[in-house]
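Below is one structure, written out as structure tokens; comments come after it.
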There are 2 protein chains.
Amino acid sequence: MLTQRDLAILDVLQKDSDTSLSKIGEKVHLSPSACSRRIANLRDEGYIRRNVAVLDRDRLGLGTTVFVTVSARIHSAEWTANFRRAVEAIPEIVEVYRLTGSVDYLLKIVLPSVNDYDKVYNAIVARVEMNVVHASIVMEDIKHAGLPLSFVPHASSR
Amino acid sequence: MLTQRDLAILDVLQKDSDTSLSKIGEKVHLSPSACSRRIANLRDEGYIRRNVAVLDRDRLGLGTTVFVTVSARIHSAEWTANFRRAVEAIPEIVEVYRLTGSVDYLLKIVLPSVNDYDKVYNAIVARVEMNVVHASIVMEDIKHAGLPLSFVPHASSR
DNA sequence: ATTGAAAGGGTGTCGAT
DNA sequence: ATCGACACCCTTTCAAT
């Protein structure tokens with residue numbers, strides 16, 4: 001079971017994994033060495049998967065995001081496998097979710113500009129038969145937060 | 001201007017920011033110290049924003065994701081400000097995008113289970129008048145990749 | 001079982017060549 | 001770009017609670 005302290009540590013790390021153990025220790029009222037062990041445990045127990053760099057999309061000229069919802073024409077294991085291979089092979093498609101309801105999949109696509117959407121569109125429809133239900137461009141990134149750890153059940157304290 | 005090497009370094013770091021300088025050096029054929037300076041530059045120039053820990057949602061009991069599209073009832077600066085405050089205040093709403101089309105927003109909501117959606121729904125409609133156009137639950141996370149750095153323009157080499 | 005203090009080792013950083 | 005020295009931080013050990 002996780003303690004409040006563990007959650008506090010996770011919250012610090014999901015915002016900035018470069019935070020030194022001494023600074024984490026100050027925040028959660030623990031010595032650096034104790035923090036080190038806790039973090040190692042959190043890793044071993046699978047709470048922390050890995051650390052990654054957050055890159056600046058605009059700076060890299062990848063400031064355009066498009067969300068696309070698609071539905072399958074046919075529902076078969078073969079179609080699904082084909083679809084997965086297709087989205088996996090196209091790097092501009094950065095996220096794919098299978099959804100409930102009539103819309104089957106949601107795709108998040110990252111591009112230099114809206115003009116490049118056509119290429120991705122053609123690339124995917126060439127590979128797999130599907131209906132693009134809707135596509136809309138992101139005008140503004142309003143919120144981007146970490147996981148709501150305040151809602152994770154935890155041991156009473158200590 | 002970025003070099004191919006810089007992009008290769010960024011690609012390593014966006015997948016695993018714990019990669020040691022010596023390993024990065026092997027991959028991009030550079031000495032560790034040279035990598036260190038390049039990374040420092042990439043930071044200073046704003047390409048790397050920060051490093052964060054990727055947490056395991058299922059392990060934390062936050063395995064449920066819901067995507068919700070909403071539209072504004074009224075279109076005013078006041079409504080928008082109010083909407084922003086509302087989504088900012090609700091931690092389960094982890095991502096918010098303003099989209100093209102009618103004044104549409106896409107919300108990504110992270111929850112312990114689908115039963116908790118109601119609370120978030122009530123919390124937000126209590127704060128701001130809006131139409132929830134559609135809500136669908138994520139059945140499966142099919143792809144989750146980093147930015148497509150292969151499409152970033154770069155200096156020819158060196 | 002978990003903690004804090006101190007020691008040891010590794011790694012990143014900076015300067016010089 | 002490499003080499004070397006320094007500094008910092010993380011990790012481990014150990015005693016204590």
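Residue numbers begin at 1 in each chain, while the letters A, B, ... track the order of the sequences.
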Salt-bridged, A/Arg43 to B/Asp18, with N to O below 4.0 Å?
yes
Confirm from the modelled atom types if B/Arg37 and C/dG12 form a donor-acceptor pair under 3.5 Å, side chain to base only.
no
Tell me whether the OP1 or OP2 atom of D/dC10 has a side-chain N or O from A/Ser36 closer than 4.0 Å.
no
Using a strict 4.0 Å threshold on nitrogen-to-oxygen distance, state whether B/Glu140 and A/Arg84 make a salt bridge.
yes
Point-to-point distance, once rounded to the nearest 0.5 Å, from CG of B/Leu7 to CD of B/Gln14:
10.0 Å
Side-chain (A/Lys143) to main-chain (B/Ile93) donor-acceptor, under 3.5 angstrom:
yes
Checking side chain to side chain contact (heavy atoms under 4.5 Å, CB included) between A/Leu106 and each of A/Leu99, A/Val96, A/Val68, A/Val70, which is the one that passes?
A/Leu99
Who else is in B/Val52's hydrophobic cluster (ILVMFWY, side-chain heavy atoms under 4.5 Å, direct or via others)?
A/Val52, A/Val54, B/Val54
If you take any heavy atom closer than 4.0 Å to DNA chain C, which residues from residues 40-56 of chain A end up in contact?
none
Any salt bridge between A/Asp104 and A/Arg98, counting N to O under 4.0 Å?
no
Short of 4.0 Å, heavy atom to strand atom, which residues of residues 13-20 of chain B count as contacting DNA chain C?
B/Ser20
With B/Phe67 via ring pair (Phe, Tyr, Trp, His ring centres under 6.0 Å) - residues at least two apart
A/Tyr97
Of residues 22-35 of chain A, the positions that come close to DNA chain C - non-hydrogen atoms, cut-off under 4.0 Å
A/Leu30, A/Ser31, A/Ser33, A/Ala34
What pairs with A/Tyr47 under ring pair (Phe, Tyr, Trp, His ring centres under 6.0 Å), at least two apart in sequence or on another chain?
none
Salt bridge A/Asp16-B/Arg50, side-chain N to carboxylate O under 4.0 Å
no
Just checking, any donor-acceptor pair under 3.5 angstrom between side chains of A/Arg85 and A/Asn82?
yes
Can you measure A/Arg5 atom CZ to C/dG4 atom P for me and round it to whole angstrom units?
7 Å
Would you mind reading off the distance between A/Asp6 atom CG and C/dA1 atom P, rounded to a whole angstrom?
16 Å
Measure the distance from CD1 on A/Ile39 to P on D/dT12 and round it to the nearest whole Å.
13 Å
